[in-house]
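Let me begin by presenting the structure, written as structure tokens, before commenting on it.
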Amino acid sequence: PGPITGGMVHPYLRRRNGEEEVVYPHPSLEPVLKKTLGVPLFQEQVIRLAMVAADYTPGEADQLRRDMAAWRKTGRIERHRERLVRRMEAKGIEREFAERVFDQIRGFGEYGFPESHAASFSLIAYATAWMRRHHLDVFTCSLLNAQPMGFYSSSTIVEDAKRHGLTVLPVDVTRSAWDCTLEGGEIGTATIFRPSGRKMVAVPISPLPMRMGLRYVKGLREDVGKRVVASRPYASIPDLVSRAGLDEGSVSRLAEAGALRSLEPNRRGALWAAKGAARTGRGAMEVPVEETALPEFAALDAFETIGWDYRTSGHSAEGHPLEPLRERLRAHRLPDAAQVTAGADGSRARYAGLVICRQRPGTASGVVFLTLEDETGFVNVVCWAPVYERFRILVKTASFLGVTGKLQRQDGVVHLIADSFWEPRNLLAPATAKSRDFH
């Protein structure tokens with residue numbers, strides 16, 4: 001936020017990419033700013049810059065540091081403006097640069113970013129990206145087992161992993177642990193390089209299929225889930241109810257979530273049988289065939305299956321909520337995310353997707369950023385303040401949202417600059433997960 005407020009981010013990126021010459025506002029600042037190509041980015045640089053460029057004494061610099069941390073409460077940072085700008089101008093530094101430095105100092109008051117913080121963040125980000133790229137199965141499984149956390153919902157994590165080649169297996173009382181796990185797969189060999197030399201080891205060929213855990217059945221207590229795991233194997237739904245000691249609520253949740261699929265493939269039939277077994281208390285006892293025969297239930301179609309999954313577990317291993325609607329969306333001339341993001345810079349686009357994120361940063365002058373998703377990926381939407389004011393209620397409340405605007409493609413990043421929003425009509429309402437809004 002500090003460099004953003006001071007307008008320092010884009011100059012740094014242009015210089016890093018070789019698109020802009022590296023220059024220093026004053027020769028005395030080269031030792032301070034050389035590491036960041038003449039652009040102040042870190043909190044420590046701002047303090048050193050004040051001492052070198054504005055001749056701040058150690059005492060004045062320490063007071064500046066204190067005022068940076070307290071400016072929101074007291075406004076004391078403003079008393080440094082004239083002193084900093086005047087002294088920097090006296091040294092031959094352009095006033096425009098001095099003003100930007102002061103704006104950045106105010107930004108650091110919002111959220112200081114020292115160099116050590118940046119280095120730590122970069123290391124974590126790189127290691128995370130490396131794990132996701134080379135061990136998608138391990139990364140996804142671990143991330144889902146650490147929920148609730150982070151920026152994305154479990155459904156978004158699951159869908160993105162599937163798009164990148166991970167096989168996601170549904171919750172199943174005969175196979176799932178409490179946590180998500182990796183299953184089966186081939187074993188191959190890998191060469192591990194150690195300081196003392198090379199070592200050949202046997203490793204699973206990645207990515208392995210990932211099995212969703214019982215933790216993702218909404219309302220199922222952990223002790224009940226672990227009892228289900230410990231009491232396996234099961235011959236039937238009544239056998240499960242009896243030996244795992246399940247009440248009607250627990251076994252009904254498992255049935256609705258599709259977790260009884262190995263014992264009864266028809267989900268409506270599984271729910272009927274689960275309720276019956278829990279109410280009669282017969283458990284695994286033998287009962288006459290005529291009493292156990294299931295009524296003829298219609299199977300869930302793809303749209304219903306995904307809807308039941310989202311309602312009961314917040315995600316679906318079977319597909320994305322918009323996947324069963326794709327033909328209808330095409331009939332309304334609505335492209336998918338992959339088609340939108342492949343469009344040319346400056347072209348017009350009309351798109352409908354599920355809202356998974358809304359952001360309105362304090363440093364963005366009222367601009368709202370939205371991320372919409374479908375089965376093929378994401379569309380990042382930029383909504384300028386006037387457009388947001390016109391469509392505020394719809395933008396803030398709709399989970400399935402339509403947007404019209406112009407594509408902006410720059411450095412491999414694509415945004416849809418919105419000029420209007422609308423509700424997709426004449427379509428079934430798809431299942432949705434909770435979006436992350438204005439955090």
Side-chain angles (χ1 to χ4, degrees), residues 129 132-133 136 140 150-168 302-303 306-307 309-310 314-359 367-384 387-388 391 394-395 397-437:
R132 181 177 176 275
R133 171 65 181 83
L136 179 64
T140 305
F151 195 80
Y152 295 109
S153 68
S154 58
S155 60
T156 295
I157 295 168
V158 166
E159 289 300 322
D160 184 71
K162 288 193 293 185
R163 284 193 293 271
H164 286 83
L166 183 65
T167 298
V168 179
F303 184 83
I306 295 169
D309 285 344
Y310 268 72
H315 75 282
S316 178
E318 306 295 334
H320 190 277
L322 292 185
E323 201 167 346
L325 300 180
R326 183 52 54 195
E327 288 305 317
R328 298 190 191 190
L329 290 165
R330 287 197 186 101
H332 286 76
R333 297 185 178 180
L334 291 171
D336 59 36
Q339 292 170 316
V340 170
T341 55
D345 181 46
S347 62
R348 300 284 299 170
R350 187 168 171 266
Y351 172 74
L354 302 186
V355 181
I356 64 168
C357 174
R358 297 173 176 91
Q359 298 180 81
V367 180
V368 173
F369 302 93
L370 302 109
T371 302
L372 275 58
E373 177 196 70
D374 63 31
E375 71 276 17
T376 68
F378 307 104
V379 171
N380 294 313
V381 178
V382 176
C383 178
W384 297 110
V387 177
Y388 177 68
F391 299 97
L394 188 59
V395 170
T397 61
S399 55
F400 183 30
L401 184 63
V403 55
T404 302
K406 180 188 292 187
L407 283 176
Q408 181 186 79
R409 180 182 293 278
Q410 186 175 9
D411 299 327
V413 179
V414 180
H415 290 94
L416 181 57
I417 312 301
D419 50 44
S420 65
F421 292 91
W422 37 274
E423 276 191 288
R425 299 188 182 277
N426 303 318
L427 289 167
L428 294 173
T432 60
K434 184 174 176 57
S435 58
R436 181 180 174 90
D437 296 336

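Everything numeric in this text was worked out from a predicted model, so none of it was measured.
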Just to verify, what does R132 make a salt bridge (charged side-chain N to carboxylate O under 4.0 Å, His left out) with, not counting sequence neighbours? D160
Test salt bridge (charged side-chain N to carboxylate O under 4.0 Å, His left out) applied to E323 - qualifying residues, sequence neighbours left out: none
Side chain to side chain contact (heavy atoms under 4.5 Å, CB included) with S153: which residues, sequence neighbours excluded? S155, T156, A433
Contacts of V382 that satisfy side chain to side chain contact (heavy atoms under 4.5 Å, CB included) - sequence neighbours left out: V367, F369, W384, H415, I417
Residue pair [X] / [Y]: nearest heavy atoms and the distance that separates them:
| X | Y | answer |
| --- | --- | --- |
| C383 | L370 | CB-CD1, 4.2 Å |
| P324 | I306 | CG-CD1, 3.7 Å |
| L407 | D345 | O-OD1, 3.5 Å |
| A398 | L401 | CB-CD1, 3.9 Å |
| A418 | V381 | CB-CG1, 3.9 Å |
| S316 | D309 | OG-OD2, 2.6 Å |

Got a sec: does the NZ of K162 have more than 12 other heavy atoms crowding it under 6.0 Å? yes
Distance-only donor-acceptor pairs under 3.5 Å for side chains of residues 328-337, two or more places apart:
{"residue": "R330", "atom": "NH1", "partner": "E327", "partner atom": "OE2", "Å": "2.7"}
{"residue": "H332", "atom": "ND1", "partner": "R328", "partner atom": "O", "Å": "2.9"}
{"residue": "D336", "atom": "OD1", "partner": "A338", "partner atom": "N", "Å": "3.2"}
{"residue": "D336", "atom": "OD1", "partner": "Q339", "partner atom": "N", "Å": "2.8"}

Nearest 0.5 Å, what's the [atom1]-[atom2] distance between [X] and [Y]?
| X | Y | atom1 | atom2 | answer |
| --- | --- | --- | --- | --- |
| F303 | E318 | CZ | CD | 15.0 Å |
| L394 | Y388 | CG | OH | 11.0 Å |
| S399 | I356 | OG | CD1 | 13.0 Å |
| Y351 | L416 | OH | CG | 10.0 Å |
| L325 | D374 | CG | CG | 11.0 Å |

Check: [Y] and [X] side chains under 4.5 Å, non-hydrogen atoms:
| X | Y | value |
| --- | --- | --- |
| T404 | R348 | yes |
| V368 | F391 | no |
| E159 | F378 | no |
| E423 | R425 | yes |
| E373 | Y152 | no |
| H164 | T140 | no |

Taken in chain and number order and not counting sequence neighbours, the residues that satisfy ring pair (Phe, Tyr, Trp, His ring centres under 6.0 Å) with H315 are Y216
